[in-house]
Amino acid sequence: MIAAAVMGSGSKRPAAGVRRVGMGSVLALAFVFALAGPAWAGDAATANAAPAAGVADAVIAPAAAPDAQALVAHYTVRDARGERTLTLVRTADRIEYRQPGEPVELWRQTPDGIARLELFAAEKRSVAWAPGDLRTTGRMPQWEQLASPINPRLRETLRRDGSAKVLGLSAERYRGESAEGRAIALEWLSGEGLPAYYRTGPAKPKKGDAGFYELKLVKLERVGAQTAFTATGDYRETDYADLGDMELDPFAAAYIKRNGHAH
């Protein structure tokens, strides 16, 4: 489906040939955010590449009108941990990622940069990161990478390998190999700026293969932006900068123990 407010055309320039690429983890978000920042597939190999055309232009746009539509992409993820779901919700100025058992990650564009909100459903608590907090801790991501669970620049390191149809949409197919010699397969929806399929490792991995990762789009829809994102009205919000002064708050203490605190 096509939502003009949030979609653009991805780069269609094929690489000259297959280049070996070093693979970062795919979609880190809350799980490894304690590192320098979120990691996407291909980060190590594409650090100096120009952003893929279309994704940034499609997502960085004026704030959506009250009746705007959000693009909602539903994925299944398979790796050594098993199978789970991943949901991406995206408008021009907001991006949300949801995975079972993990805090919801909500990103928003502000006049001062990108802000982050972590939502902990069980505790009905949230931690708000101002753009300054993300800069100070070295965790400020790039908006065009947040807009997709796969780094859009990864395509520049792979060779074009035809096309495919996914959920009735046209996808560009890419193939390549990682620096470790693992096969990479990618099907990219240029109009939507999203992966329809991504795999690193063999198509039929052995049980427990730590290098295998598969991301598969199973549903793509548009819904009203007003209801697409997780409602936060009943969450108690805490600024990240204030956590260090909340030693007696069990939630704050557990958060700092798990994630650390730079202030």
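- Hydrophobic cluster membership differs between Leu167 and Val72, with clusters built from Ile, Leu, Val, Met, Phe, Trp and Tyr side chains linked at under 4.5 angstrom.
- Between Val223 and Ala228 the shortest heavy-atom distance is CG2-CB, 3.4 Å.
- Rounding to the nearest 0.5 angstrom, the gap separating the OH atom in Tyr198 from the OH atom in Tyr213 is 8.5 Å.
- Of all non-hydrogen atoms in Gly176 and Leu158, the two that sit nearest each other are CA-CD2, 3.7 Å.
- A donor-acceptor distance shorter than 3.5 angstrom exists from the side chain of Tyr75 to the backbone of Pro195, with no hydrogens or angles considered.
- Ion pairing between Glu177 and Arg182 fails under the 4.0 Å rule for side-chain N and carboxylate O.
- Lys219 NZ: 12 or fewer foreign heavy atoms inside a 6.0 Å radius.
- Salt bridge annotation for Glu96-Arg98: present, with a cationic side-chain nitrogen under 4.0 angstrom from a carboxylate oxygen.
- Side-chain polar atoms of Ser163 and Glu172 form no donor-acceptor pair below 3.5 angstrom.
- For the pair Ile114/Leu146, a side-chain contact is recorded, criterion being any heavy-atom separation below 4.5 Å from C-beta on.
- Smallest separation of non-hydrogen atoms from Gln69 and Gly224: NE2-CA, 3.9 Å.
- Minimum interatomic distance between Ala252 and Leu243 (heavy atoms only, all atoms of both residues): CB-CD2, 3.8 Å.
- No side-chain heavy atom of Val104 sits less than 4.5 Å from a side-chain heavy atom of Ser126.
- One hydrophobic cluster, built from ILVMFWY side chains closer than 4.5 Å, cannot hold both Leu189 and Val89; they sit in different ones.
- By the 4.5 Å heavy-atom criterion applied to side chains, Phe251 and Val127 are counted as neighbours.
- Under the 4.5 Å side-chain criterion, counting only non-hydrogen atoms from C-beta, Leu88 is not in contact with Leu71.
- Side-chain atoms of Leu117 and Trp129, non-hydrogen and from C-beta on, never get closer than 4.5 Å to each other.
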Go through the steps for Arg173 and Leu186 under the test side-chain contact (heavy atoms from CB on, under 4.5 Å), then give the verdict.
CA-CA 6 Å; Arg173 182 178 289 149; Leu186 173 65; over 6 Å; no
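- Atom CD in Glu237 sits 7.5 Å away from atom OG1 in Thr232 (nearest 0.5 Å).
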Given the rule in the side-chain contact (heavy atoms from CB on, under 4.5 Å) test, do Leu106 and Thr230 qualify, once you have shown the distances and angles that lead to the verdict?
CA-CA 9 Å; Leu106 179 61; Thr230 300; over 6 Å; no
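- The backbone N or O of Ala147 sits less than 3.5 Å from a side-chain atom of Arg90, completing a donor-acceptor pair.
- In this structure, the separation between CG on Leu119 and OH on Tyr235 is 5.0 Å, given to the nearest 0.5 Å.
- Side-chain N or O atoms of Thr157 include one that pairs as donor or acceptor with a backbone N or O of Leu154 at under 3.5 Å.
- Between the CD atom in Glu83 and the CZ atom in Arg78 there is a gap of 6.5 Å [rounded to 0.5 Å].
- The minimum heavy-atom distance between Pro141 and Trp107, with the atom names listed, is CG-CZ3, 3.6 Å.
- Linking Ile, Leu, Val, Met, Phe, Trp and Tyr residues whenever their side-chain heavy atoms come within less than 4.5 Å leaves Tyr197 and Ile150 in two separate clusters.
- Side-chain atoms of Tyr174 and Glu187 include no donor-acceptor pair closer than 3.5 Å.
- Checking side-chain atoms of Thr110 against main-chain N and O of Gly113 turns up a donor-acceptor pair under 3.5 Å.
- Distance alone, capped at 3.5 Å, places no donor-acceptor pair between the Arg94 side chain and the Thr91 backbone.
- Between Lys165 and Ser170, the closest heavy-atom pair is NZ-OG, 3.1 Å.
- The shortest distance between side-chain heavy atoms of Pro103 and Tyr255 does not fall below 4.5 Å.
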Take Arg199 and Asp79 through the test salt bridge (Lys or Arg N to Asp or Glu O under 4.0 Å) and record every step on the way to the result.
CA-CA 10 Å; Arg199 187 189 75 246; Asp79 58 14; over 6 Å; no
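- Looking at Asp234 and Arg125, no side-chain N of the basic residue comes within less than 4.0 Å of a carboxylate O on the acidic one, giving no salt bridge.
- Under a 3.5 Å cut-off, the side chain of Asp239 and the backbone N or O of Ala241 do not form any donor-acceptor pair.
- Panel note: side chain Arg236, backbone Thr238; no donor-acceptor pair is recorded below 3.5 Å.
- Linking ILVMFWY side-chain heavy atoms closer than 4.5 Å, directly or via other members, places Phe229 and Phe120 in two distinct hydrophobic clusters.
- In this structure, CD in Glu105 is found 11.5 Å from CD1 in Ile95, a value given to the nearest 0.5 Å.
- Side-chain contact between Pro202 and Lys204 is absent, with no heavy atoms from C-beta onward closer than 4.5 Å.
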Check the pair Glu102, Tyr97 against side-chain hydrogen bond (donor to acceptor under 3.5 Å, both in side chains), reporting the backbone distance first and the verdict last.
CA-CA 10 Å; Glu102 300 292 343; Tyr97 281 95; over 6 Å; no
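- Using modelled atom types, one finds no donor on one side chain facing an acceptor on the other under 3.5 Å when comparing Tyr240 with Glu118.
- With hydrogens and angles disregarded, a donor-acceptor distance shorter than 3.5 Å links the side chain of Asp133 to the backbone of Ala130.
- The structure places OG1 of Thr85 at 9.5 Å from NE2 of His74, a figure rounded to the nearest 0.5 Å.
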